[in-house]
Trainee: 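Can you keep this structure in mind? I'll have questions shortly.
Here the structure is a predicted model, which means the values were calculated and not measured. Note on naming: letters A, B, ... go to the chains in the order of the sequence lines (proteins, then strands), and numbering restarts at 1 for each one.
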Amino acid sequence: MTHQFPALSPEKKKELADIAQKIVATGKGILAADESTGTMGKRLEKISVENTEENRRFYRDILFSSDSSIANSIGGVIFFHETLYQKSDSGKLFPQLIKEKGIVVGIKVDKGTAALGGTDGETTTQGLDGLSERCAQYKKDGCDFAKWRCVLKISDSCPSALAIAENANVLARYASICQQNGLVPIVEPEILPDGDHDLQRCQYATEKVLAAVYKALSDHHVYLEGTLLKPNMVTAGHSCTKKYTPEDVALATVTTLGRTVPAAVPGICFLSGGQSEEEASLNLNAINLVPLHRPWKLTFSYGRALQASALAAWQGKAANKAAAQQAFSNRAKINGLASKGEYKPAATADKASMQSLHTAKYVY
Amino acid sequence: MTHQYPALTAEQKKELQDIAQRIVAPGKGILAADESTGSMAKRLNPIGVENTEENRRRYRQLLFTADQRIDSCIGGVIFFHETLYQKTDDGTPFAKLIKDRGIVVGIKVDKGVVPLAGTNGETTTQGLDGLSERCAQYKKDGADFAKWRCVLKISETTPSSLAIMENANVLARYASICQQNGIVPIVEPEILPDGDHDLKRCQYVTEKVLAAVYKALSDHHVYLEGTLLKPNMVTPGHSCPTKFSSEEIAMATVTALRRTVPPAVTGVTFLSGGQSEEEASMNLNSINTCPLLKPWALTFSYGRALQASALNAWRGELNNEKAATEEFIKRAQANGQAALGKFESSGTCGAAGKSLYVANHAY
């Protein structure tokens, strides 16, 4: 613990810090479009669209060929491996299309959860094997950041000390490897909203989990200024009988982050979990209005909460492309405002945006 | 790790946070007047004063009776046990004198360092036995914060993992016990400036130590908003041949803190270590003008760097008391300004200045 063997040169550090700051530039957040093939199946099934490679390509094309003005609200897009090598109708590779708009290209690199023997159904996440080589290739192919999702849950016996320690450690290994290859790691320790626990319980668990994550990142010599955090907001469990306002959620969330996330971390990009589009925007907005020190950007990395309306508008029909893009662009703009605490919702919101997107025990 | 057993009620938390905020209110810092009897000998011998209880009382008196000019720059005073129960010439207890002028009273509660066997001369700090009862008594006797000093050192082989982990753990135990008794714990993991290591080495070690400290505080359920941190500034070792500017020290220090100290911590009150009075003020000022976002108060908890001139002016003479008090007031005001980034150096410190500034991404 006495001598430093610098993991990164000053130039590498600067590159990583610049990428991270670009992604979370003021008023911008991330479009999480990294749904795996299986997960896309669930999305498309809801609108009765067949889960083919072409349909997946067509759908992502709708989003990615949106007007360049989405770059005002979108700083980064997370890709799934298949999508990174697909092309727009125009023949342009998707990463190129995104990059041309000034948006940073990211890639999901984990390989899903794996069971932790001896626990009450808890998991870690796999994907470290050959990760360095994969990252190097992704960097060549246009990516500048990566994402890795770990999952924890709250129950009477969870999260266990092992689950916390193991997931924190694997996140730190992943982060370290990414940085060695010029990729900014988004660190995602998601605590699922499943359960009937209240807000305080989620806050407590989130504080413990994040404290462990940042100790692990320190132990693994990760350069914090070149990382982003993708946590859950602090919310009550889905079956909790007590209701909380966006202000309650916001205060609990920012308090938790203030106790655990060093100021050196440039940005925190919340996952939306099962929140509806409108809920996710309202909560993000409230978070940006909390009267506590907020030394990091607080923005979004939304999947469902950016795409639900777009999917509903599309319905699998090419003729609906413009309407779908409009819906997506609209949510992007709203969340961009929310990331500055400037979102003032209209009196009415459409049905798709209000619909809860919770699926029990959500797995990508 | 799943269920919370709240360590503190909402009221207890509020009380602790309020105390912490009062101590580090803008422009204010701490007078560390908690030198043990043995340490006082080291202060008094060089000025030819005998280390008697009366002399110690007379000396602290000239500090504590400084006029209202210190009320705007001293937020807290750390006492040694003996001093907490001493009085002014006219019979006013020191604790009451300080408290009545709106300055928070603190008390050193550790019982010194003890060796860690099997290490290269490393130590932990003792004092946990009966600490809860002692804290309860100190709270009754007027104290609202406490201080506990752990010590680490940099060498080829140190600090070892054991030293880091053990000191972090004992600091967290101490902090937890203090809070249970309404006392704000100042957490002090001092990394000594002894050695010839450079600035980067100190930064690296400081980051590792502080990361361990905050993990331990989390594990022990300590309420961060009701704590203060008293760290070393990040500096090169005393025998390091390379010189670094005040701006470089500030950048390294703030970078290290930003990577490890959660924003919830109310304030960071630096120890002065072996720095001269002027150096300590200049560095604190540079820290406060460092162009990185700093979510905590950054101020002083100085012993020698507030008292050196006062001691020299006093030399034990009754006739010199006013002059000595003036010296103390001057330093208090200078550091109060430094805590706001408004300190103007008298120019006696020969730092190389801005030409050695290195962009923050290299840290």
Trainee: Which of the residues A/Q200, A/H197, A/R201 is involved in the greatest number of heavy-atom pairs with chain B at under 4.5 angstrom?
Mentor: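 Most heavy-atom pairs within the cutoff with chain B belong to A/R201.
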Trainee: Can you tell me which of B/P262, B/P263, B/A211, B/A163 forms the most heavy-atom pairs within a distance under 4.5 Å of chain A?
Mentor: B/P263
Trainee: Donor-acceptor pair, A/H293 side chain versus B/P295 backbone, under 3.5 Å?
Mentor: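 Looks like yes, one N/O pair under 3.5 Å.
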Trainee: Heavy-atom pairs under 4.5 Å with chain A are the metric here; pick the option from B/K215, B/R201, B/H197 that has the most.
Mentor: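 It is B/R201.
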Trainee: Does any heavy atom of chain B fall under 4.5 Å from the side chain of A/A212, the backbone, both, or neither of them?
Mentor: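 Backbone plus side chain of A/A212, per the 4.5 Å heavy-atom cut-off to chain B.
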Trainee: Considering only heavy atoms, which portion of B/Y214 lies under 4.5 Å from any heavy atom of chain A: side chain, backbone, both, or neither?
Mentor: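 No part of B/Y214 comes within 4.5 Å of chain A.
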Trainee: What residues of residues 254-270 of chain A sit under 4.5 Å from chain B when only non-hydrogen atoms are counted?
Mentor: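 Counting heavy atoms that sit under 4.5 Å from chain B, the residues of residues 254-270 of chain A involved are A/T255, A/G258, A/R259, A/T260, A/V261, A/P262, A/A263, A/A264.
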Trainee: Answer with side chain, backbone, both or neither: which region of B/E156 has an atom nearer than 4.5 Å to a non-hydrogen atom of chain A?
Mentor: both
Trainee: Shorter than 4.5 Å, heavy atoms on both sides: which option in A/L16, A/D156, A/L217 has the most such pairs with chain B?
Mentor: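 Result: the option with the highest number of such pairs is A/D156.
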Trainee: Less than 4.5 Å to any heavy atom of chain B: does that hold for the side chain of A/L224, its backbone, both, or neither?
Mentor: side chain
Trainee: Quick check: closest heavy atoms across A/H221 and B/Y204, and the distance to 0.1 Å?
Mentor: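 Nearest pair, atom of A/H221 first, then B/Y204: CE1-OH, 3.3 Å.
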Trainee: Is it the backbone or the side chain of B/S218 that comes under 4.5 Å from a heavy atom of chain A, or both, or neither?
Mentor: both
